[in-house]
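Since the model is a prediction, treat every value here as computed from it, not as a measurement. All heavy atoms count here, side chains included; hydrogens, waters and symmetry mates do not.
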Amino acid sequence: MSSVKEKMTEIIQLQPEDATYEEIMRELAFERMVARGLDDSRQGRVLSNSEMERQILTWQK
């Protein structure tokens, strides 16, 4: 597996030359969120659709 710096460099290099700082930061954050979500899934830290629906319904009260 590549190091954090290598992964960040790869993501940055994939951006267009005129990418803004904010766009690059957004891509880095998105990559991290996806990686964390995949890790959660692999570790079994998931909710069923019905459980998620139940939790969302409690937000409306």
(request) Would you kindly confirm whether L47 and I56 end up in one hydrophobic cluster when ILVMFWY residues are joined by side chain heavy atoms under 4.5 Å apart? (result) yes
(message) Membership question, hydrophobic clusters at under 4.5 Å side-chain separation (ILVMFWY): are V4 and I11 in the same one?
(response) yes
(message) Can you confirm whether more than 12 heavy atoms, excluding those of D39, are under 6.0 Å from its CG atom?
(response) yes
(message) Using the rule given for side chain to side chain contact (heavy atoms under 4.5 Å, CB included), can you reason through M52 versus Q55, listing the C-alpha separation, both sets of side-chain angles and the distance that settles it, and then say yes or no?
(response) CA-CA 5 Å; M52 190 71 244; Q55 287 188 18; 4.1 Å; yes
What distance separates [X] [atom1] from [Y] [atom2], expressed to the nearest 0.5 Å?
X: R26; Y: F30; atom1: CZ; atom2: CZ; value: 11.5 Å
X: E31; Y: K7; atom1: CD; atom2: NZ; value: 4.0 Å
X: M8; Y: I24; atom1: CE; atom2: CD1; value: 10.0 Å
X: L38; Y: M33; atom1: CG; atom2: CE; value: 12.5 Å
X: R36; Y: Q43; atom1: CZ; atom2: CD; value: 13.0 Å

(request) Specify the closest pair of heavy atoms between A19 and E23, including all atoms of both residues, with the distance to one decimal. (result) CA-OE1, 3.2 Å
(request) Answer yes when E51 and R54 have at least one side-chain N-carboxylate O distance shorter than 4.0 Å, and no when they do not. (result) yes
(request) Please check if the side chain of S41 supplies one atom and the backbone of G37 the other of a donor-acceptor pair under 3.5 Å. (result) no
(message) Taking the side chain as everything from C-beta on, heavy atoms only, tell me whether L28 gets closer than 4.5 Å to M25.
(response) yes
